[in-house]
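Given the structure is predicted, the values throughout are model-derived calculations rather than measurements. Numbers restart at 1 for each chain; the letters A, B, ... are given by sequence-line order, proteins then strands.
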Number of protein chains: 2
Amino acid sequence: MPRPPAIPQPTNAELAILRVLWNEGECTVREVHERLPEREVGYTTVLKLMQIMVEKGLVRRNESSRSHVYRAALPEREAQRQLVTDLVDRAFEGSAASLVMHALENNLATAADLAEIRKLLDERSPRSAP
Amino acid sequence: MPRPPAIPQPTNAELAILRVLWNEGECTVREVHERLPEREVGYTTVLKLMQIMVEKGLVRRNESSRSHVYRAALPEREAQRQLVTDLVDRAFEGSAASLVMHALENNLATAADLAEIRKLLDERSPRSAP
DNA sequence: AAGTCTATACGAAAGGTTTCGTATGTCAAT
DNA sequence: ATTGACATACGAAACCTTTCGTATAGACTT
């Protein structure tokens, strides 16, 4: 099944911007700049990055108002899917299970998380199955 | 609990080399070069990369023989742990559970994988627990 | 001893990311 | 109309990654 266009992997700085867009929805450059939590970074830096991201197809923008309005080209879930797949390829030799176990083994998942994961597991392959 | 020194994130090319070292154990540059599956890349390119990796602390080398012998500074599991943690931070806002679900939802895990993951889950928080 | 093979070291180009200064344009209020 | 606030565009520096050519040296063969 042909995957959607397949967009370049976002770099670190690009990912930080995408996170803002995913959280806030549509944003101007100024809004993104204000909400970027990381270290201080200039306004024009963010602007330039977002312009590049338009060229790469990572974000779309609406130029109808003076302050252009940007939105992520991919929904968060899809982008995360690509990131996980990429990491699995690069570092886990294609074994998603191995990656999952690492995530589970390193604390990070709360009890509620574990319950939710278990629920997902049960949906995918019920306990009673062979 | 203080984590070990914490080594810089390996780049793509560095990760490819690390995978060879993890699979083969100790290697000379030539051995790594021969075993690199990816596209053709010159011998001196691999050499240079591995020299840089020594500087960064990603690999150690034994210079006692004419052909230096390299090994990964971190065991595979630990490096993978750092990669997963990093991805969780950068793209999943710290929610490992979210990353796990992505991995699970995208096919990749076989039935055997799922069984193994379930086993791990049961160990971490038994079904009977509150 | 000279030649060949193989090793490391090193410099530097090519390409990508990230940074920001400066130029320029638009709008609104004086 | 001039000014001030704020917007985009753009060029270019600084930095990192990846690539490889060339230099140099040790070991082995002839």
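Listed candidates were C:dT8, C:dA12, D:dT8. Nearest to the side chain of B:K48 is C:dA12. Picking from D:dT19, C:dT18, D:dT18 the nucleotide with the shortest atom distance to the side chain of B:N12 gives D:dT18.
Comparing B:L49 and A:S67 by the nucleotide of DNA chain D whose heavy atom lies nearest to each, the residue mapping closer to the 5' end is A:S67. Each of A:G42 and A:Q9 lies near DNA chain C, and the nucleotide nearest A:Q9 is the one positioned closer to the 5' end.
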Kindly list each side-chain donor-acceptor pair under 3.5 angstrom involving residues 47-59 of chain A, sequence neighbours excluded, with atom names and distances?
unit_1	atom_1	unit_2	atom_2	d
A:K56	NZ	A:E14	OE2	2.7

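At a cut-off of 3.5 Å, with distance as the only test, no side-chain donor of A:N23 or A:E76 sits close to an acceptor on the other residue.
One finds the NE2 atom of A:H33 at 6.5 Å from the CD atom of A:E40 (value rounded to the nearest 0.5 Å).
Atom NE2 in B:H33 sits about 14 Å away from atom C1' in C:dT6, given to the nearest Å. Here the P atom of nucleotide D:dT17 and the CG atom of B:L47 are 17 Å apart, to the nearest Å. Atoms CD (A:E31) and C1' (D:dA7) sit 13 Å apart, rounded to a whole Å. If you take CD of B:E63 and P of C:dT8, they are 10 Å apart, rounded to a whole angstrom.
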What verdict does the side-chain contact (heavy atoms from CB on, under 4.5 Å) test give for B:C27 and B:Y70, after you've listed the backbone C-alpha separation in whole Å, the side-chain angles of each residue and the deciding distance to 0.1 Å? CA-CA 5 Å; B:C27 283; B:Y70 293 74; 5.5 Å; no
- Query: Under the side-chain contact (heavy atoms from CB on, under 4.5 Å) criterion, do A:E24 and A:R35 qualify, and how do the steps go?
  - Reply: CA-CA 9 Å; A:E24 307 289 330; A:R35 283 166 181 73; 3.2 Å; yes
| request: Apply the test side-chain contact (heavy atoms from CB on, under 4.5 Å) to residues B:I117 and A:M101: give CA-CA distance (whole Å), side-chain angles for both, the deciding distance (0.1 Å), then the verdict. | output: CA-CA 7 Å; B:I117 291 167; A:M101 306 210 211; 4.3 Å; yes
Protein-nucleotides 24-29 of chain C N/O pairs closer than 3.5 Å?
unit_1	atom_1	unit_2	atom_2	d
C:dG25	N2	A:R66	NH1	2.9

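At a threshold of 4.0 Å, the pair B:D122-B:R118 does not count as salt-bridged, since none of the basic side-chain nitrogens sits closer than that to a carboxylate oxygen. Using a 4.0 Å cut-off between charged nitrogen and carboxylate oxygen, A:K119 and A:E116 do not count as a salt-bridge pair.
Side-chain nitrogen and oxygen atoms of B:T45 include at least one within less than 4.0 Å of the OP1 or OP2 phosphate oxygen of D:dC20. Regarding contacts with the backbone of C:dA9, every side-chain N or O of B:T44 stays at 4.0 angstrom or more from both OP1 and OP2. Here A:Y43 does not reach the OP1 or OP2 of D:dC6: none of its side-chain N or O atoms lies under 4.0 Å away.
Here the side chains of B:Q82 and B:L74 are in contact, with some heavy-atom distance below 4.5 Å.
Within residues 50-61 of chain A, the residues that have a heavy atom under 4.0 Å from DNA chain C are, in order of number, A:I52, A:K56.
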